[in-house]
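The structure appears below as structure tokens.
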Protein chains: 2
Amino acid sequence: MMSSKINTQQKILDAAQNLFAESGFNDTSLRQITTKAEVNLASVNYHFGSKKELIQAVLQRYLQILMPRLDQEFDLLLARTKPNNLPDVLAVFVKPLLELNQVQRKGTRTFLQLLGRGYTDVQGHLRWFINHHYGRTLDKLVLLVQQSCPHLPQSELFWRLHFSLGSIVFTMASNEALAEIALADFDEAVDIEGVICRLIPYLSAGIAAPVFNQVTQITTPPNMNEGAAKRQINASLSV
Amino acid sequence: MMSSKINTQQKILDAAQNLFAESGFNDTSLRQITTKAEVNLASVNYHFGSKKELIQAVLQRYLQILMPRLDQEFDLLLARTKPNNLPDVLAVFVKPLLELNQVQRKGTRTFLQLLGRGYTDVQGHLRWFINHHYGRTLDKLVLLVQQSCPHLPQSELFWRLHFSLGSIVFTMASNEALAEIALADFDEAVDIEGVICRLIPYLSAGIAAPVFNQVTQITTPPNMNEGAAKRQINASLSV
DNA sequence: CAGTGATTCAAACGTACATTTCAAACAGGT
DNA sequence: ACCTGTTTGAAATGTACGTTTGAATCACTG
């Protein structure tokens, strides 16, 4: 039935992932993708059904490798008797992320850019898609961060995790431009690994920062309902 | 010649700013804008020339108020003999930003959302527009941060300022959704002021975090050229 | 109140998009 | 070699967009 022509799907996925990473999902047309992939325009709808599903397939190629790896790293940390400190928790991302380079050339950079696009472009279906498939893993991450920052109220943690997500996503979306500037002005060749390593101390310090009681803040007494809190932190963490 | 019908431009600007803030520039059509503003479709091109120029006009309404205020705050800090600490530098944003609420209801939130959209949507002309008009003011900010963090190499500062920009921009772009979650799960009504106040300790700690010498990092010796560095940090800071 | 320039309006233009259609080309099994 | 189901190809469909057009309407001046 099928054999030698499997690669049409691959050609589409490869072309799509690079164009998506460069220009975002909304600003990349199926015509650009099929032209670059040297396949017929109708192939995308034939093989993937729709543009939406193509976007999900492109991300899924990386997620199905990354997420199980992260999951097992999280389990290792959770199994420890002593609580982990925050930099160690964040550091577990490094290896699984860099292993994506073995999946595909520049895989790590591409995946992170795609993740950034998933947030900044309006792609509600991606949010749902990721959380539906990998919500359990994300739960473990939130738990680990909570354990490593026991002094932080849940609400503060919620905001800081999103601040962090913003740093990551924004940096990765504009990653190439930033790397070029860094190279030109500081003679520093910063690859994706370098950026990740620079992010960790920044994020660790930010997340664990002392809570500052602001003058103007009129906060309702923290009256939160426990279970929903964690679920929602993680739900909104996914794309 | 003109008198009572000035408000067509205002109606367009008001409708456009809210739709832009909600859905981004690319995903808001002139038809949506003119429908909401209850004006004719052709009015936008008649009064503003093009969609691009409308986008700039929407942002300009806030920038021309905010930036001079920031500029004078920066000058005050720069005039001090003792170096300022980082939280104080970042804190000067609070008042000028909140004053935008007097310009328009929910002005602060709207402006920050628009700024976020300016980054996440691909709007190269906005980058140029802001830097062209307000580059001098941004220079002063970079200088202040440098002074308050003398232990940081320029390249590290460069990256951390962008990490911070990502936090701000991303948080503001998804501000409403986050605020809703916070309200539902933590019984915390977090307005835009609350978010800004939460951001400051996070950003301060992140930017000023100790530099961590990563194992894997193979960095070329810091060989930077002084003037270009500052210029580029700020150039890439603008939208 | 006639005339003039600024504004509004409905309609159309040209372009780009995702998706559909259906015939042609292709494969593997018998 | 022939059928059968899978994949490709070129073309068309329908929708939405930003922009342009030219006549109609308005507001003001002389």
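Atom set for the values below is all heavy atoms of this structure, side chains included, hydrogens, waters and symmetry mates excluded. Below, chains carry the letters A, B, ... as their sequence lines are ordered, and counting in each starts from 1. Only a predicted model underlies this, so the values are computations on that prediction, with no experimental measurement involved.
- Remark: P of C:dC26 and OH of A:Y46 are 16 Å apart, rounded to the nearest angstrom.
- Residue A:T34 is classed as having no contact, given no heavy-atom separation below 4.0 Å to the nucleic acid.
- Using cut-offs of 30° and 60° for the angle between ring planes, the B:F186 and A:F158 rings count as tilted.
- Within the structure, a side-chain polar atom (N or O) of A:S29 is placed less than 4.0 Å from OP1 or OP2 of C:dC17.
- One atom, CG of B:L30, and another, P of D:dC17, lie 9 Å apart when rounded to the nearest Å.
- Rounded to a whole Å, the CD1 atom of B:I33 is 17 Å from the P atom of D:dA16.
- At a threshold of 4.0 Å, the pair B:R105-B:D14 does not count as salt-bridged, since none of the basic side-chain nitrogens sits closer than that to a carboxylate oxygen.
- Within the 3.5 Å criterion, the main-chain N or O of B:E22 finds a donor-acceptor partner in the side chain of B:R117.
- When the nearest nucleotides of DNA chain C are assigned to A:Q32 and A:G49 by heavy-atom distance, the more 5′-ward of the two goes with A:Q32.
- If you take CG of A:N45 and C1' of C:dC17, they are 12 Å apart, rounded to a whole angstrom.
- Between the side chains of B:S167 and A:S167, at least one donor N or O sits under 3.5 Å from an acceptor N or O.
- Remark: P of C:dT7 and CZ of B:F48 are 12 Å apart, rounded to the nearest angstrom.
- Distances shown here put a side-chain N or O of B:H47 below 4.0 Å from the OP1 or OP2 atom of C:dT8.
- One can place CG of A:N26 at 16 Å from P of D:dA16, the figure rounded to the nearest angstrom.
- Atom CG of A:L54 is separated from atom P of C:dT19 by 10 Å (rounded to the nearest Å).
- For the residue pair A:T110/A:Q113, the side-chain donor-acceptor check at 3.5 Å is not satisfied.
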Base-contact (B) and sugar-phosphate-only (S) positions in nucleotides 9-14 of chain C, heavy-atom cut-off under 4.0 Å, - elsewhere: BB-B--

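- Rounded to an integer number of Å, the gap from CD of A:Q9 to C1' of D:dT8 is 13 Å.
- With respect to B:E156 and A:R198, a salt bridge is recorded, a charged nitrogen being found less than 4.0 Å from a carboxylate O.
- At a threshold of 4.0 Å, the pair A:D191-A:K106 does not count as salt-bridged, since none of the basic side-chain nitrogens sits closer than that to a carboxylate oxygen.
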